[in-house]
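See structure below.
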Amino acid sequence: MDIRAIESRHTSGVYPKRDLVLVRGEGVYVWDEAGRRYLDATGGQGVALLGHNPLAVQAALREQMGRLMICPEIFYNDRRAQLLEALQDILPGSQSWRIFLCNSGAEAVEAAIKFARWRTGRAEIIAARRAFHGRTMGALSATWNPAYRQPFEPLVPGFRHIPFNDIGALEAAIGPQTAAVILEPVQGEGGVWPADPTFLQAARELCDRYGAALIFDEVQTGFGRTGRWFAAEHYGVLPDLIAMGKGMAGGFPIGAVAFLAEWGPLPAGAHGSTFGGNPMACAAALAVIETLRRERLIEGAAQRGAWFQERLRQIRSPMVREIRGIGLMIGVALRGRATPILRRMMEDGVLALPAGPDVVRFLPPLIIEPEHLEQIAAALERALIEAPLPVSRMTEGGEG
Ligand SMILES: *Cc1c(COP(=O)(O)O)cnc(C)c1O
């Protein structure tokens, strides 16, 4: 069976593909059809917080599958109730939250935008340049990359983009017409750019001044990725809404948006999703939260991430412009294109992601051990040494 040919013939074509057929995974590793093993520093786009096929998630899904797979939110459910309580414990701040469960990051962003408009009765949303919030029409309207947006215009009206980390620009854009400011505390897809603490603090103050909602998109940064449950904790800034997704259920599709409980419940019928809050996803997410806690993986992510960044800084190559990131969300900004480096690393048995044209991004499982991180760093080092020297410096910015 020629898997590549069959997929290529029938698929939509929207994904740039790597020349690799994956058929099995376990822990930090995946295997191709020929039985070759790869260290997975893509973590399935940052989803595999507990690695591939984590036993705790397998067990939770198997148990739930045998009891109840389908339960839309028009009914109550034991697993869902447990997950909502568990989320209260891990969400930042001391106040409580209300939570809408859905099935992906983009859906969580869509819900956050709708809830902010409902709450404020206003339409305008301010997002940041280089922001990535997903590909559905509302989330895409908040996403910045013109290549993702332009073919699908007109998008949802009312969105504007200001430079990230630019307090003056935010101050100039925000006003009594602003429904929400949406920000990734660490921009992921746009090139791994952590926010300046003063920027997020100013965003909080400005939202308070004008009665706008502050939305943090923690789809990529949430659930321990940055060494805290949520990246907001690094900044001591509490948003009004938090969008979640990616690793939340350890590989099972899920998304969620939390909003401050003091808002009170939304009107019944205001929003919904057939699969939202389904017991399978809830069981998987509960297993993820329990495992992250029991195995102290979030503290581990902070320590290992710091060690890994130190190790990456020892790489002496004129190709490296900057190392950025927090915890196990790390970008290596290059003077040159990321793709050839990623291809060379793959030949060496290490999978990593791009973030824009010139950033190599690592989103490894939080269970990763120091020797694996050493292997990733060594593969990057080899790829950079072999890379042809850049002819000229690429233009600023990592957006892709
Ligand atoms: C991946 C991502 C999304 C979109 O999530 P999907 O599950 O792909 O819809 C939104 N925001 C951020 C910050 C992301 O990293």
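As a basis for the values below, the full set of heavy atoms in this structure was taken, side chains included, without hydrogen atoms, waters or symmetry mates. Numbering of ligands and ligand atoms starts at 1, following listing order. Residue indices begin at 1 and follow the sequence shown.
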Given the rule in the side-chain contact (heavy atoms from CB on, under 4.5 Å) test, do Asn53 and Gln58 qualify, once you have shown the distances and angles that lead to the verdict? CA-CA 7 Å; Asn53 313 353; Gln58 285 188 47; 3.4 Å; yes
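If you check the side chains of Gln88 and Ser96, you find no donor sitting under 3.5 Å from an acceptor. A side-chain N or O of Asp40 and one of Thr42 form a donor-acceptor pair less than 3.5 Å apart.
Around the CD1 atom of Ile70, the shell of radius 6.0 Å holds no more than 12 heavy atoms that belong to other residues, nucleotides or ligands.
Each of Ser104, Gly105, Ala106, Phe132, His133, Gly134, Glu184, Asp217, Val219, Gln220, Lys246 has a non-hydrogen atom positioned under 4.0 Å from some atom of ligand 1.
Between Phe199 and Phe164, the distance from one ring center to the other falls under 6.0 angstrom.
In terms of the salt bridge (charged side-chain N to carboxylate O under 4.0 Å, His left out) criterion, residue partners of Arg228 (sequence neighbours excluded) are, by chain and number, Glu233.
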